[in-house]
Amino acid sequence: MIYITTHDNDKDLAFRIEQEGLGVAIPLAIGDICWQSQLDEETQTYKYQVCGERKKAQDLVNCINDGRLTKQVRDAFAAGMTNYFLVIDCIHRQDRDGFFEFRTVPNWTRTS
């Protein structure tokens, strides 16, 4: 079962997951999306517990700059997650100088 956060900025993702019958939207203490592997009957533990975040480009930049991303990753592992992933929800490219740029209609915005 896939669990999707009920945060306002993730309602579109939750709608798609629920519509396809793949998961359910619930309040999550960590991450935007979580799932577990099947329970190992012998050890009564999950081999994998996966937590993920979906971020818009500017939110990712802000989270890196203010330290929230590091805290989110640490909180996930402290809660017992064995894997963590990040999805950047944007159209992006690398500029001539090697910097990350993302599309903000109608322009490209360079990260700082």
* **Flag, side chain of Asp40 to backbone of Glu42, donor-acceptor distance under 3.5 Å** => yes
* To do: Evaluate whether atom CZ of Arg103 has more than 12 neighbouring non-hydrogen atoms of other residues, nucleotides or ligands under 6.0 angstrom away.
  => yes
* Structure fact -> Test side chain to side chain donor-acceptor pair (under 3.5 Å), reference Arg54, set Asn9, Asp59, Asp10, output is Asp10
* Is it true that Asp32 and Lys55 make a salt bridge, defined as a side-chain N closer than 4.0 Å to a carboxylate O? -> no
* Asked: Between atom OH of Tyr48 and atom OG1 of Thr45, what is the distance when rounded to the nearest 0.5 Å?
  -> 11.5 Å
* Would you find a donor on one side and an acceptor on the other, under 3.5 Å apart, between the side chain of Ser37 and the backbone of Lys47? -> yes
* Taking C-beta and beyond as the side chain, do Ile33 and Tyr3 meet within less than 4.5 Å on heavy atoms? -> no
* Just by distance, do the side chain of Glu20 and the backbone of Ile17 share a donor-acceptor pair under 3.5 Å? -> no
* Asked: Is there side-chain contact between Pro27 and Thr5, with at least one heavy-atom pair below 4.5 Å?
  -> no
* To do: Compare all side-chain heavy atoms of His92 with those of Phe100 and state whether any distance is below 4.5 angstrom.
  => yes
* To do: State which residues pass side chain to side chain contact (heavy atoms under 4.5 Å, CB included) with Thr104; sequence neighbours excluded, sorted by chain then number.
  => Phe102, Asn107, Thr109
* Asked: If two hydrophobic side chains count as joined below 4.5 Å and joins carry through other members, does Leu13 share a cluster with Leu22?
  -> yes
* Minimum heavy-atom separation for Gln44 to Leu39, with atom names? -> C-CD1, 3.5 Å
* Say you draw a straight line from CD1 of Ile2 to CH2 of Trp35; how long is it, rounded to the nearest 0.5 Å? -> 6.5 Å
* Asked: Just how far is it from atom NZ of Lys11 to atom CD1 of Ile4, taken to the nearest 0.5 Å?
  -> 14.5 Å
Sequence neighbours excluded and cut-off under 3.5 Å, please list the side-chain donor-acceptor pairs for residues 76-91, or say none.
| from | atom 1 | to | atom 2 | distance (Å) |
| --- | --- | --- | --- | --- |
| Thr82 | OG1 | Gln49 | N | 2.8 |
| Thr82 | OG1 | Gln49 | O | 3.2 |
| Asp89 | OD2 | Lys56 | NZ | 3.2 |

* Taking it one step at a time, do Cys34 and Val50 satisfy side-chain contact (heavy atoms from CB on, under 4.5 Å)? -> CA-CA 5 Å; Cys34 296; Val50 181; over 6 Å; no
* More than 12 heavy atoms of other residues, nucleotides or ligands under 6.0 Å from CD of Gln38: is that the case? -> no
* **NZ/NE/NH1/NH2 to OD/OE distance under 4.0 Å, Arg93 and Glu101** => yes
* To do: Verify side-chain contact (heavy atoms from CB on, under 4.5 Å) between Met1 and Val24, making sure each step is shown before the conclusion.
  => CA-CA 8 Å; Met1 177 68 68; Val24 61; 4.2 Å; yes
* Asked: Do Asn62 and Gln58 get their side chains close enough for a donor-acceptor pair, meaning under 3.5 Å?
  -> yes
